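Data block below; observations after.
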Amino acid sequence: MKDNIQKNKKDVFSVITFVITLLANLSVVALIVLSLQYSGLDVKTFAGIYGIVICLLLILDICFFVGYNYKDKVVKGVTAFLAIVLLSVGAVGSYYIYQLNVSVSNIVDNTGVDQYEIIQGSIVVYDNDEIENIKDLKGKKVGIVTSNSVGVTSVSKDKFEEENVEPIYKEYASVNELFLALAKGEVEAACMQSSFRTMFAAEEGYEQHIELMRDVYSFEERVKTGENESANLDTSSEPFSVLLIGYAPEAGGGGLADTIILASINPSTMTATMTSVARDTYTTISCTGGKAKINSARAQSRACLMDTVGELLDTKIDFYAEVNFLGLVDIIDALGGVYIDSPVEFVGQSPSSLRGEYTVWVPAGPYHANGEQALAFARERYAMPNGDYDRQIHQQEVIKEIAKELVELRNVNAALAVMEAAGENFSTNLSIKQLTDAFNYIINAPNYTGISTFNLLDLQTMRVTGYSSWYYDYPMRLPQWIYKLYKGSIEQNIDRINDTMGDYEEIHQDDYFKFFIEYPYDRGTLYWEYFNEPTESEQMPDYYPYLTKMTYSEVIAWASARGIKLNVTSINEGDAGYDPNNVGAVLSQEPRYGALVEEWPEAWITVMGTPLKDEDRIPNFVNKNIKEVHDWAYANGYTVNVNIQENNDKTKGGIVSAQSRTAGVDKRLYNEITVNVYDYPFIDVSTLVPGMTLENLQAWIKNNLITTPKYIYEIDIEKPEGTLITYVSDSQNPKMNSNFTFTVTTQVHEHTWVELDVGRVEPTETTEGKYERQCSICDLKETVTIPKKAHEHVWVEVEGSRVLPTETTEGKYVKKCSGCGAEEIVTIPVLSPSEPTPNPETDESGGTEDGNVTQ
Amino acid sequence: MSLFKNKKTRRRNLVLVIIPLLILIGVFGYLSLDSVLNLGKGDKVIHSIDSMDYHLRAGATELQVEKFKELSAAVNAEEVDDSEIARLVAENFVLDFYTWSNKGGSYDVGGMYYIYSLQKSNIYTQARNQFYKYVSTYIKEYGKNNLLEVDSIVSTCSKLDEGYTINGANYDAYYVTCDWTFKDNDIFSPDNYRTHEYFVVYKSETGRFEIVQAFGD
């Protein structure tokens with residue numbers, strides 16, 4: 001019985017040892033197989049470890065064979081011990097390597113030459129209950145974005161084909177236009193990328209449209225987007241380029257690329273150049289052919305972004321490496337943090353929250369930052385002195401720091417943590433062999449300098465510079481800030497990239513080397529920030545600003561300058577929501593920011609408190625004549641300070657260009673105002689020549705001088721027919737507003753009139769006559785009036801009016817003009833005593849025609 | 001397996017079989033450990049003067065080896081001649097710096113061990129962007145063996161009476177003149193390169209000799 005138990009124990013021990021030995025063999029072989037793909041990291045080390053493990057396996061198997069064939073207890077014991085040790089190493093090692101492989105397979109796209117990409121999209125309808133699924137779109141108008149590469153458009157078309165649905169496609173140049181076409185009902189459905197809601201959610205006025213949009217079909221398709229010609233490129237010897245793309249889908253990024261950096265790497269020279277491209281760069285998008293911000297290319301497809309950057313920088317992009325910002329936080333944390341050096345202290349954006357939530361504190365100066373802080377530092381632009389420029393530099397610095405930490409990483413657990421963090425958030429089409437070859441090359445590069453390996457890598461940071469500009473997005477009715485690149489900067493960056501890639505235009509080999517420690521080497525400026533190029537600006541229409549960011553007074557001034565009818569609703573004391581500390585604030589506006597003024601001649605705003613009366617406001621003097629300012633100031637007891645601005649434009653002289661007091665503000669708050677006024681330009685007095693006629697002089701004055709009351713001129717003349725003798729001005733170099741005194745000759749000749757042979761009108765007894773005459777010396781013409789003709793009476797004695805004279809009394813009679821009816825009494829003298837009394841009927845000589853009677 | 005049948009000889013034979021494997025394990029272990037320890041430290045050096053932190057690269061030319069040994073001897077001599085050390089430091093710099101035929105690329109700048117430590121990184125950057133800028137291209141196009149190699153060198157040295165001042169402190173310093181020749185080369189004509197240069201070598205507080213100036217006529 002005891003022997004049986006003993007035998008059974010031995011058998012069990014034998015079986016267990018056998019199993020452990022077998023498992024040890026299997027686990028060690030598995031460990032070798034699983035780790036083979038990393039052997040390129042350091043062939044010597046891996047070869048040595050593989051050699052040790054294989055030797056140990058041989059010892060184990062020999063011991064097992066001997067121990068069990070010849071029932072040798074000691075050997076059996078050694079076998080069991082060795083088997084347990086190797087099984088432990090194999091199992092634990094295989095587990096970790098397996099975990100590593102899972103992360104690596106998430107990161108690395110091992111599809112070789114064929115390039116695949118996951119395209120996510122939706123077929124969307126707008127406020128339409130009739131269309132329930134894709135089949136209902138047969139024969140209906142469906143909007144798509146014009147695209148010449150594989151992406152949402154091509155996959156959507158494939159889906160229609162798969163479902164045997166033939167819609168009528170209508171193409172749009174951009175996803176913005178497509179969005180609005182759908183909202184306006186131009187199409188019944190639209191093929192959009194899945195991220196479109198996030199993309200447009202941040203745009204004012206789009207929320208209500210998004211709410212009415214409904215997916216009737218969604219897809220997530222892994223499709224071949226092209227071929228990677230660099231799939232077999234040897235990254236340990238040939239130059240290559242990697243497009244680094246950073247995006248933040250959950251943080252409101254909407255699938256847009258936040259960070260775009262082209263890394264050009266030349267292993268043979270250990271040189272790398274990181275070229276940052278601003279995400280708002282306005283350029284031609286490769287796959288649509290239209291112009292847009294470069295970051296929108298990623299929303300089409302990753303391949304589209306690679307092609308767009310490649311075309312912009314005239315370079316072939318071999319690989320991509322895309323990182324989700326959220327993952328970057330974990331990667332940096334796994335590395336134990338990185339060093340940053342912020343120029344300012346700020347509270348930055350949290351990576352896990354939506355846009356606008358700022359909770360991450362970053363101190364100024366050198367600081368060992370955790371993942372969140374490093375990411376906030378890399379993304380912050382508003383707090384930085386140089387805005388987006390600083391952001392791009394900081395992104396490059398953080399990448400440099402990460403690379404440095406990775407190269408110097410020796411902790412296996414940290415390495416695994418980094419890989420795990422990267423696995424979910426990092427992807428690249430570099431193969432594991434290409435990654436390990438490059439890494440191996442760098443860390444094993446001959447180094448006889450005493451300088452750290454990382455510093456052997458000549459890592460240069462560049463950026464394509466440009467200038468701020470705006471364009472008006474008509475489909476979205478929104479002004480968009482854009483960044484236009486200097487052509488010179490593009491060329492400079494291309495040259496630098498070519499230089500890094502060893503593609504030298506010319507070789508200028510130095511013939512010797514000199515240095516002085518007193519004069520440390522200065523590499524000079526790698527790139528210029530500014531180029532002396534004409535800047536191009538887009539034509540901007542007049543659009544509504546954020547009225548809610550203006551005071552009510554400013555809104556009044558803005559609206560009145562455009563003739564916009566303003567409808568104001570006031571929230572007054574006693575009303576719900578009244579805030580006495582916020583009186584004058586504009587609380588809401590309709591239409592929204594960006595709406596075209598020409599489309600909205602009327603606006604509606606809500607204002608806190610009762611608005612001021614118009615007469616209590618400081619007027620808007622801009623574009624008005626300075627005289628108006630003086631008049632208003634005089635009437636309102638204001639002092640006017642005038643700043644003169646240089647000006648050569650005659651039409652602007654005396655016009656106000658700016659005012660210190662905001663138009664619309666309560667005028668009772670101040671008593672002085674400063675205005676900037678365009679100066680009057682200098683005038684050309686060379687045309688004021690003595691002898692010029694007064695007529696020409698007056699024309700000259702009209703063209704060159706200001707004749708407002710403030711600026712006067714005098715003409716010292718006696719007769720207006722004179723010519724200019726001389727002039728005096730209050731300045732040797734007079735301007736339009738200078739005072740002038742002109743001296744003009746008196747008349748210089750007596751006119752010799754000659755009647756012109758036309759148009760003479762003779763006078764009558766009732767009307768005046770006239771004729772034209774001209775001076776034969778000076779050609780002066782004038783019209784001469786001829787007075788009316790005088791009236792000649794035709795007298796007739798009024799019958800029965802005659803009274804005969806006597807020797808003592810005079811006679812008389814009345815005569816009347818037969819033409820005008822005038823009457824006169826004619827006296828007849830007294831008779832002499834010898835003279836008989838005349839008989840008027842027989843005496844023909846008794847009186848004269850004028851009534852006087854002849855003796 | 002008659003080796004293990006006999007109980008008396010079994011364990012002895014087993015040990016005899018295992019010993020070579022254990023030796024192999026030791027060899028592999030050494031290789032691995034060596035590789036891991038030297039990871040990121042570049043190639044091995046073939047000679048070192050540890051007290052001065054001077055090293056001779058693998059692949060050094062015969063002349064380099066010879067001159068390095070002379071330097072080593074000068075450093076370790078019973079009666080140290082600073083002037084001789086300074087002269088040999090300059091010579092070793094020239095031999096390594098102006099020889100491209102044993103370099104890995106533009107980044108593999110020779111002679112850096114002899115450069116003023118506190119500005120080594122700056123001078124290294126200067127060298128790789130100037131004299132070494134195209135070395136990688138030359139290696140790719142013509143092969144290492146066809147690149148420049150210093151064939152011979154002579155030098156003279158004199159002590160600078162006024163010494164050399166760095167950051168207000170004055171140090172012993174030496175003025176070294178080097179003349180050298182290049183191996184005949186069909187691609188890189190030696191006529192296109194200067195073969196005469198002056199150096200100022202100073203003796204630091206730690207006794208290390210470092211080049212602080214290098215210039216031509």
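Each chain gets a letter, A, B and so on, in the order the sequences are listed, and its residues count up from 1. For clarity, every value in this text was computed on a predicted model and none was experimentally measured. Atom set for the values below is all heavy atoms of this structure, side chains included, hydrogens, waters and symmetry mates excluded.
Minimum heavy-atom separation, S106(B) to S136(B): N-OG, 2.9 Å. D437(A) and S236(A) make their closest contact through O-CB, 3.9 Å (heavy atoms, listed as atom of the first residue, atom of the second, distance). Nearest heavy atom pair, residue M52(B) against residue F209(B), reads CE-CD1, 4.1 Å.
Between chain B and the residues V53(A), D499(A), I507(A), the most heavy-atom pairs under 4.5 angstrom are made by I507(A). Chain B forms the most heavy-atom pairs under 4.5 Å with one residue out of L457(A), D458(A), L56(A), L58(A), and that residue is D458(A). Chain A forms the most heavy-atom pairs under 4.5 Å with one residue out of V135(B), N122(B), L22(B), L24(B), and that residue is N122(B). With chain A as partner, the option from G104(B), G216(B), G105(B), S121(B) having the largest number of non-hydrogen pairs under 4.5 angstrom is G216(B). Contacts with chain A were tallied for V109(B), N129(B), I18(B); N129(B) has the most, counting heavy-atom pairs under 4.5 Å. Top candidate by heavy-atom pairs under 4.5 Å with chain A, chosen from R128(B), K103(B), E197(B), K140(B), is R128(B). With chain A as the partner, the residue from A127(B), G26(B), P20(B) showing the most heavy-atom pairs under 4.5 Å is A127(B). Of the residues considered (Y198(B), Y116(B), Y124(B)), Y124(B) shows the highest number of contacts with chain A, using heavy-atom pairs under 4.5 Å.
With salt bridges taken as basic N to acidic carboxylate O contacts below 4.0 Å, none links K67(B) and D96(B).
Ring orientation note: the planes of F18(A) and F64(A) are tilted relative to one another, at an angle of 30° to 60°. Ring pair Y164(B)/Y202(B) is tilted by interplanar angle, where 30° to 60° counts as tilted.
Looking at I54(A), there are no atoms closer than 4.5 Å to chain B (heavy atoms on both sides), in backbone or side chain. Both the backbone and the side chain of Q126(B) come within less than 4.5 Å of a heavy atom in chain A. With a 4.5 angstrom heavy-atom cutoff, I211(B) touches chain A via backbone and side-chain atoms both. Heavy-atom distances place both the backbone and the side chain of T271(A) under 4.5 Å from chain B. Contacts between I139(B) and chain A at a heavy-atom distance below 4.5 Å are absent for every atom of the residue. At a 4.5 Å heavy-atom cutoff, the contact between Y138(B) and chain A is made by side-chain atoms alone. If you measure heavy-atom distances from F199(B) to chain A, you find no contacts under 4.5 Å at all. Contacts between N266(A) and chain B at a heavy-atom distance below 4.5 Å are absent for every atom of the residue. Residue Y98(B) touches chain A through its side chain alone, counting heavy-atom pairs closer than 4.5 Å. For N192(B), the part sitting under 4.5 Å from any heavy atom of chain A is the backbone (N, CA, C, O) and nothing else. Residue Y519(A): no heavy atom, backbone or side chain, is found under 4.5 Å from chain B. Only the side chain of T137(B) has a heavy atom closer than 4.5 Å to any heavy atom of chain A.
Aromatic rings from Y512(A) and F131(B) are positioned such that their centres are separated by 6.0 Å or more. The ring of F215(B) has its center closer than 6.0 angstrom to the ring center of F516(A). Under the 6.0 Å cut-off for aromatic ring centres, F188(B) and Y142(B) qualify, their centroids lying closer than that.
Between I115(B) and F93(B), some side-chain heavy-atom pair lies under the 4.5 Å cut-off.
A donor-acceptor pair is defined here as one N or O able to donate and one able to accept, closer than 3.5 Å; such a pair exists between the side chain of T436(A) and the backbone of I432(A). Side chain of Q434(A) to backbone of S230(A): a donor-acceptor contact under 3.5 angstrom is found.
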